[in-house]
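Read through the structure below, which is laid out as C-alpha cells, and then see the notes.
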Amino acid sequence: MEVTNLVVLPAVLAFFVLCLYFITKVVRLGKHPNLNLPPGRLGWPIVGETFDFMRTMNEGNVLRFIQERVEKYDARVFKTSMFGDPVVVFCGPAGNKFLFSNENKNVQVWWPSSVRKLLRLSLVNKVGDEAKMVRRLLMSFLNAETLRNYLPKMDSIAQRHIDTYWEGKEQVFVYPIVQLYTFELACCLFLSIEDSDHISKLSLKFDEFLKGMIGFPLNIPGTRFHRAMKAADAIRKEIRMILKKRKVDLEEKRASATQDLLSHMLVTSDPSGRFTTEMEIIDNILLLLFAGHDTSRSVLSLVMKYLGQLPHVFEHVLKEQLEISQGKEAGQLLQLEDVQKMKYSWNVASEVMRLSPPVSGAYREAKEDFTYADYNIPKGWKLHWNTGSSHEDPALFSNPETFDASRFEGAGPTPFSYVPFGGGPRMCLGQEFARLEILVFMHNIVKRFKWDLVIPDEKFKYDPLLEPVKGLAIRLHPSHF
C-alpha cells in the first residue's frame with residue numbers, strides 16, 4: 001500500500017497543480033466583459049471543448065467540429081477552448097489570409113504545450129527574426145535546386161523499397177509499409193543513415209513520439225505524452241551520436257559538407273557568422289524527420305486509396321508515367337526534368353489533399369489586441385485555422401465531395417482556399433521535399449501494380465495525422481510493361 005501511494009500521490013498532485021494552472025489561465029483570459037468577443041462557448045472548466053475536438057479527430061472528421069459551430073455562431077470566426085486555452089477559430093480564405101499575412105504583426109506561431117515540449121528548440125518554437133534565420137538555413141537545403149541532386153537517390157530507394165516489400169505479395173497494408181519508404185528517405189537525406197536495421201529501430205521510436213504529439217502534456221508514466229517524451233529523448237541521443245561523429249569526419253575530410261542536412265547545418269552560418277548550436281541542430285532534425293516522413297506517409301496512403309477506387313484516374317496517371325519512362329534509357333534514374341512533367345499526377349495528389357488533408361490545421365497566438373470581422377481578439381488568445389473550412393466549401397470548389405483533379409489546372413483554386421501546406425511565412429518548408437517523394441513513389445508503384453481495396457469504405461482518423469484505422473489493406477495485381 002505504501003509503495004502504491006508513493007506512485008499515485010505524485011501523479012495526483014501533478015494533476016491538481018495542472019488543473020489550478022488551467023483554471024487560472026481560463027479565468028484570466030476568458031473574461032473580457034467590455035469586449036465584443038467572437039460568438040461561441042468556452043465549454044467545461046480546464047478541458048473546454050477539447051474532448052469534442054479530439055472525438056472528431058478520432059472520427060477523421062474534424063470539419064464537423066468546425067461546421068457545427070459555424071452554423072450556430074458565425075461563418076467567419078468563433079471562439080472555443082481547447083488544451084486549457086481560449087481559442088478563436090478563423091474560417092475560410094479570408095481567415096486564412098488574415099492569419100498568414102499577419103505573421104509577426106498581429107499574430108505569431110503557437111502550438112499546444114505538448115508540441116512545444118516535444119520539439120523544444122526547433123523552428124516550431126521560434127518566432128520573429130530568429131525564426132526567419134532558422135527557416136532560411138533549412139530552406140537553403142530543402143529548395144528544389146538542392147533537392148534535384150538527391151532525386152536519383154530517391155528513385156533508387158523507391159525501387160528498392162518496392163522490390164523488398166511489395167514484389168511477390170498478394171496483399172499488403174499500405175500505411176505501415178509506406179512508412180518504411182518515407183522514413184528511409186528522410187534518414188538518408190537528413191542524416192545519411194542507410195542501414196535498414198537502424199532505420200527500423202528509429203521508426204518504432206518515432207511511432208511513440210508521434211502518438212503523444214497532440215493532447216494534454218501529462219508527463220506521468222502510462223500516458224501517451226510520457227512515452228513520447230521518452231522516445232524523443234532516445235531519438236535525440238542517437239542524433240547526437242551521429243552529430244559528434246560527423247563533426248570529426250568533416251574535420252578529417254571523411255564526410256562531405258553537402259552530403260545531407262546534418263552536414264549542411266554544421267558548416268553553414270547565418271549572415272552574422274553565427275553557427276547553429278548542437279541542440280538546435282538536433283531538435284530541428286528531429287522536427288524534420290517527423291514532418292518529412294509522417295505527412296508524406298499519410299498522403300501516399302490516401303493516394304493509394306483514391307487510385308484504388310478510381311480506375312479512370314489511375315489509368316491517366318499510368319499513361320503519364322509510362323510516357324516519362326519511355327523517354328529514358330533502361331535503368332536511367334529520375335531527374336528533376338522528369339518530375340516536372342508529372343503535372344497530372346501532382347494534380348491528383350493535390351486533389352487527394354483537398355479532399356483528405358493529412359494535417360487538420362495549425363495554430364497562432366495573438367501578439368496584441370486586434371479586431372477581426374468586427375470582433376475583438378484579446379492579446380494572448382490562441383488562434384486556429386482549419387484546412388477543411390475552405391477545402392469543402394461549395395462556393396470555392398463546385399461539387400466539393402467529387403474527385404476532380406482538373407481543379408488544379410491553369411490558375412488553380414482561389415488564393416487562400418487550398419492550404420494543405422499552410423501559407424505565408426510559416427508555409428511548410430518541406431513542401432518541395434514532400435512533392436518529390438510523393439511523385440517518385442507514384443511513378444514507380446503505378447508501373448509495377450494495379451490494386452483494389454480490401455475494405456473499400458475503411459475509415460480514416462487523425463492521430464494526429466490522417467491515417468487508416470486498419471492500415472489500408474490492398475490486393476496487388478502485377479503489371480508488365
Side-chain angles (χ1 to χ4, degrees), residues 35-40 53 62-63 65-67 69-71 73-80 82 85-111 123-124 126-129 131-132 135 139 295 347 350-351 353-398 400 407-432 434-435:
L35 295 180
N36 179 32
L37 296 171
F53 181 73
V62 179
L63 185 58
F65 178 91
I66 306 294
Q67 288 175 331
R69 288 153 181 79
V70 162
E71 293 170 5
Y73 302 122
D74 193 319
R76 300 168 297 174
V77 64
F78 64 85
K79 73 172 179 285
T80 181
M82 295 185 287
D85 286 285
V87 177
V88 176
V89 179
F90 288 67
C91 303
N96 295 338
K97 180 179 180 180
F98 180 86
L99 293 181
F100 297 160
S101 59
N102 275 282
E103 183 74 30
N104 298 319
K105 299 173 187 174
N106 297 117
V107 309
Q108 64 185 17
V109 70
W110 178 85
W111 286 98
L123 179 61
V124 159
K126 303 291 186 183
V127 297
D129 291 340
K132 290 178 183 177
R135 186 179 179 88
M139 280 302 299
T295 49
N347 288 347
S350 298
E351 178 70 343
M353 289 186 280
R354 183 192 70 81
L355 283 166
S356 302
V359 179
S360 62
Y363 300 87
R364 300 290 189 271
E365 180 179 44
K367 289 183 64 179
E368 56 189 34
D369 295 345
F370 64 86
T371 301
Y372 177 79
D374 300 323
Y375 297 114
N376 301 122
I377 313 296
K379 178 182 178 179
W381 275 43
K382 312 313 175 193
L383 319 170
H384 175 64
W385 60 269
N386 181 274
T387 49
S389 72
S390 57
H391 284 197
E392 297 189 31
D393 186 341
L396 301 168
F397 297 96
S398 60
R407 302 178 197 274
F408 295 90
E409 295 175 357
T414 303
F416 300 102
S417 65
Y418 176 70
V419 290
F421 295 102
R426 285 282 173 175
M427 178 175 280
C428 174
L429 53 81
Q431 180 176 355
E432 182 62 18
R435 187 178 78 93

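For this chain, numbers begin at 1 and follow the sequence in order. Only heavy atoms go into these numbers, but all of them, side chains included; no hydrogens, no water, no symmetry mates.
- Contact of the Asn386 side chain with the Leu63 side chain is registered, since non-hydrogen atoms from C-beta on lie closer than 4.5 Å.
- Under the salt bridge (Lys or Arg N to Asp or Glu O under 4.0 Å) criterion, Arg69 pairs with Glu49, Asp52, not counting sequence neighbours.
- By the 4.5 Å heavy-atom criterion applied to side chains, Asp85 and Trp110 are counted as neighbours.
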Tell me, with the steps shown, if Leu429 and Leu123 meet side-chain contact (heavy atoms from CB on, under 4.5 Å). CA-CA 10 Å; Leu429 53 81; Leu123 179 61; 3.2 Å; yes
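- To the nearest 0.5 Å, atom CG of residue Leu99 and atom OH of residue Tyr372 are 7.5 Å apart.
- Scanning for salt bridge (Lys or Arg N to Asp or Glu O under 4.0 Å) contacts around Glu392 gives an empty result, with sequence neighbours left out.
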Pairs of donor and acceptor atoms involving the side chains of residues 86-93, under 3.5 Å and at least two apart or interchain, shall be tabulated with distances.
none

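- Here the side chain of Lys367 pairs no donor or acceptor atom with the backbone of Glu365 at under 3.5 angstrom.
- Closest of all the heavy-atom pairs between Pro39 and Asp74 is CG-CB, 3.9 Å.
- Remark: Glu103 pairs with Arg364 by the side chain to side chain donor-acceptor pair (under 3.5 Å) rule, at least two apart or across chains.
- The heavy-atom pair separating Leu37 from Tyr375 by the smallest distance is O-CD2, 3.6 Å.
- Counting non-hydrogen atoms of neighbouring residues, nucleotides and ligands closer than 6.0 angstrom, the NZ atom of Lys97 reaches no more than 12 such neighbours.
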Apply side-chain contact (heavy atoms from CB on, under 4.5 Å) to Phe370 and Asn102, showing your working. CA-CA 11 Å; Phe370 64 86; Asn102 275 282; over 6 Å; no
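- Every residue meeting the salt bridge (Lys or Arg N to Asp or Glu O under 4.0 Å) condition with Lys126, not counting sequence neighbours, appears here in chain and number order: Glu130, Glu280.
- Residues passing the side chain to side chain donor-acceptor pair (under 3.5 Å) test with Gln67: none are found, sequence neighbours excluded.
- Using modelled atom types, no side-chain atom of Asn36 and backbone atom of Asn376 make a donor-acceptor pair closer than 3.5 Å.
- Side-chain contact between Ser390 and Asn96 is present, with heavy atoms from C-beta onward closer than 4.5 Å.
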What side-chain donor-acceptor pairs closer than 3.5 Å can you find for residues 410-425, not counting sequence neighbours?
{"unit_1": "Ser417", "atom_1": "OG", "unit_2": "Thr414", "atom_2": "N", "d": "3.4"}
{"unit_1": "Ser417", "atom_1": "OG", "unit_2": "Thr414", "atom_2": "O", "d": "2.5"}
{"unit_1": "Tyr418", "atom_1": "OH", "unit_2": "Ser350", "atom_2": "O", "d": "2.9"}

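- The side chain to side chain donor-acceptor pair (under 3.5 Å) test applied to Arg426 returns no partner, not counting sequence neighbours.
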Step by step, would you call Val124 with Val109 a side-chain contact (heavy atoms from CB on, under 4.5 Å)? CA-CA 8 Å; Val124 159; Val109 70; 6.0 Å; no
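- Here the side chain of Thr387 pairs a donor or acceptor atom with the backbone of Ser360 at under 3.5 angstrom.
- With sequence neighbours excluded, no residue forms a side chain to side chain donor-acceptor pair (under 3.5 Å) with Gln431.
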Quick one: do Asn106 and Glu368 satisfy side-chain contact (heavy atoms from CB on, under 4.5 Å)? Show the steps, please. CA-CA 6 Å; Asn106 297 117; Glu368 56 189 34; 3.3 Å; yes
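- Here the shortest heavy-atom pairing between Pro400 and His391 reads CB-O, 4.4 Å.
- Residues Pro38 and Ile377 share a closest heavy-atom pair of CG-CD1, 3.6 Å.
- Looking at every heavy atom in both residues, Arg407 comes nearest to Ser398 through NH1-O, 2.8 Å.
- By the side chain to side chain contact (heavy atoms under 4.5 Å, CB included) test, Asn104 is found to be paired with Lys132, residues two or more places apart in sequence or in another chain being considered.
- The shortest heavy-atom contact between Leu383 and Ala366 is CD1-N, 3.9 Å.
- Checked against ring-ring contact (aromatic ring centres under 6.0 Å, His included), Phe100 has the following partners two or more places apart in sequence or in another chain: Trp385.
- A distance of 9.0 Å separates CZ of Phe53 from OG1 of Thr80, quoted to the nearest 0.5 Å.
- With sequence neighbours left out, the ring-ring contact (aromatic ring centres under 6.0 Å, His included) criterion links Tyr73 to no other residue.
- Note: Tyr363 and His384 have tilted aromatic rings, judged against thresholds of 30 and 60 degrees for the angle between ring planes.
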